[in-house]
**Q** 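One structure, pasted below without further comment.
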Amino acid sequence: MEHGHILSSGASDEQGNGDLTVGDITKERIRSLIPRFAAAPGRTLSIRGDHDLNPGTGAPAQLRHAAVLVPLVERPDGMTVIFTQRTAHLAAHAGQISFPGGGMEPTDQDALACALRETSEEIGLAPERVEVAGRLDTYVTRTGFEITPIVGFVRPPFILNPDPFEVAEVFEVPLDFFLKPGAARKETRQFQGTQRYFYVFPYEHRYIWGATAGMLVNLVDVLHGRC
């Protein structure tokens with residue numbers, strides 16, 4: 001599926017319902033709700049993925065481990081989330097909006113090391129600028145990736161130096177946008193003869209969809225205390 005050709009009419013989803021305001025989303029609240037790398041007592045980490053909206057569709061037997069950083073920037077008017085838009089010439093996921101991250105390498109000690117390394121390589125954000133909060137649920141994609149999303153705080157000022165081969169643009173979206181009622185929608189399209197469903201967050205002229213949107217839904221659930 002290619003960015004710009006995936007959208008069809010779809011009903012609004014209920015994700016994001018609640019009464020959280022910008023002032024509610026503090027570092028302390030996020031720290032208390034985001035699971036650390038071992039789940040807190042009474043909680044478990046789940047495996048989410050493309051199959052959540054498409055029962056009966058499984059991932060390939062062989063999964064490649066990957067990690068992304070969910071960077072929350074501490075702005076005076078409220079936290080924002082950093083995203084990248086991939087360049088149009090890439091062989092995989094060209095033009096799509098994503099979190100910085102990628103596949104684990106043999107030199108990566110763990111998912112955290114992978115997420116920080118990939119973020120540094122992709123957008124030039126130094127690891128020491130990231131204060132790690134914890135992680136979200138594992139996300140499995142139909143294309144064969146098992147992704148660990150790492151949530152971290154980024155305090156300005158910082159300088160980014162995006163890799164021009166991989167990254168067309170780096171931009172920020174207010175975190176409270178994702179928490180608003182109806183922010184997430186379910187969209188559908190035909191893919192290889194099968195009706196596929198996926199989450200979309202339409203923001204201004206952009207469409208954040210697929211695995212990135214699925215991980216955002218997880219973040220919204222966590223911040224609303226639904227999981």
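Since this is a predicted model, take the numbers as computed values, not measurements.
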**Q** Any Lys/Arg nitrogen of Arg117 or Glu122 sitting under 4.0 Å from an Asp/Glu carboxylate oxygen of the other?
**A** no
**Q** Do the side chains of Glu74 and Met79 get nearer than 4.5 Å, heavy atoms only?
**A** yes
**Q** Could you walk me through whether Leu125 and Leu116 pass the side chain to side chain contact (heavy atoms under 4.5 Å, CB included) check?
**A** CA-CA 8 Å; Leu125 180 63; Leu116 294 177; over 6 Å; no
**Q** Rounded to the nearest 0.5 Å, what's the gap from CZ on Arg64 to OG1 on Thr143? Could you check?
**A** 11.0 Å
**Q** Do Arg155 and Glu128 sit within salt-bridge range, that is, some charged N less than 4.0 Å from a carboxylate O?
**A** no
**Q** Check Thr84, Thr119, Ile123 against Leu160 for a side-chain contact (heavy atoms from CB on, under 4.5 Å) and give me the one that passes.
**A** Ile123
**Q** About how many Å separate NZ of Lys27 and CD1 of Ile34, when rounded to the nearest 0.5 Å?
**A** 13.5 Å
**Q** Counting N and O atoms only, with roles assigned by atom type, does the side chain of Arg185 sit under 3.5 Å from a partner on the main chain of Phe198, one being a donor and the other an acceptor?
**A** no
**Q** Which atom pair, heavy atoms only, marks the closest approach of Cys114 to Gly102?
**A** SG-O, 3.3 Å
**Q** Within the distance-only criterion (no hydrogens, no angle test), does the side chain of Ser120 pair as donor or acceptor with the backbone N or O of Gly124 below 3.5 angstrom?
**A** no
**Q** Considering all heavy atoms of both residues, which atom of Val154 and which atom of Pro71 are nearest to each other, and what is their separation?
**A** CG2-CB, 4.0 Å
**Q** Quick check: do Val140 and Leu63 have side-chain heavy atoms less than 4.5 Å from each other?
**A** yes
**Q** Could you pull out the closest heavy-atom pair between Ala133 and Phe153, with the gap in Å?
**A** CB-CE1, 3.6 Å
**Q** So which atom in Ala168 and which in Thr87 form the shortest heavy-atom distance, rounded to 0.1 Å?
**A** N-CG2, 3.5 Å
**Q** With the threshold set at 4.0 Å, does a side-chain nitrogen-carboxylate oxygen contact exist between Arg206 and Glu169?
**A** yes
**Q** Report whether Met215 and Met104 are members of the same hydrophobic cluster (ILVMFWY, side-chain heavy atoms less than 4.5 Å apart, transitive linking).
**A** no
**Q** Applying side chain to side chain contact (heavy atoms under 4.5 Å, CB included) to Leu69 and Val130, what does each step give before you reach the verdict?
**A** CA-CA 10 Å; Leu69 182 68; Val130 180; 4.1 Å; yes
**Q** Quick one: does any side-chain atom of Asp110 pair with a main-chain N or O of Leu112 as donor and acceptor, under 3.5 Å?
**A** yes
**Q** What is the distance from atom CD of Gln96 to atom CH2 of Trp209, rounded to the nearest 0.5 Å?
**A** 4.5 Å
**Q** Would you name the heavy atoms of Val222 and Leu33 that are closest together and state the gap between them?
**A** CG1-O, 3.3 Å
**Q** Kindly indicate whether the side chain of Leu219, heavy atoms from C-beta on, has any atom under 4.5 Å from the side chain of Leu175.
**A** yes
**Q** So, using ring-ring contact (aromatic ring centres under 6.0 Å, His included) as the criterion, who are the partners of Phe171 when residues are at least two apart?
**A** Phe83
**Q** For a 4.5 angstrom cut-off between non-hydrogen side-chain atoms, does Leu216 reach Phe99?
**A** yes
**Q** Looking at Ile97, is its backbone amide N or carbonyl O close enough to the side chain of Thr212 to form a donor-acceptor pair, meaning the two atoms are under 3.5 Å apart?
**A** yes
**Q** State plainly whether the residues Arg48 and Asp221 are in salt-bridge range, i.e. N to O under 4.0 Å.
**A** yes
**Q** Under 4.5 Å between any side-chain heavy atoms of Arg86 and Ser98, yes or no?
**A** yes
**Q** For a 4.5 angstrom cut-off between non-hydrogen side-chain atoms, does Ile82 reach Val73?
**A** yes
**Q** Determine, stepwise, if the pair Phe178 / Val217 fulfils side chain to side chain contact (heavy atoms under 4.5 Å, CB included).
**A** CA-CA 8 Å; Phe178 300 106; Val217 167; over 6 Å; no
**Q** Which heavy atom of Tyr139 sits nearest to which heavy atom of Gly214, and what is that distance?
**A** CE1-CA, 3.8 Å
**Q** Find out whether Asp137 and Ile47 are in side-chain contact, i.e. whether some heavy atom of one side chain is under 4.5 Å from a heavy atom of the other.
**A** no
**Q** Does some side-chain heavy atom of Thr148 sit less than 4.5 Å from a side-chain heavy atom of Arg135?
**A** yes
**Q** Check the pair Ile25 / Ile30 against side chain to side chain contact (heavy atoms under 4.5 Å, CB included), numbers first and verdict last.
**A** CA-CA 7 Å; Ile25 308 304; Ile30 294 172; 3.8 Å; yes
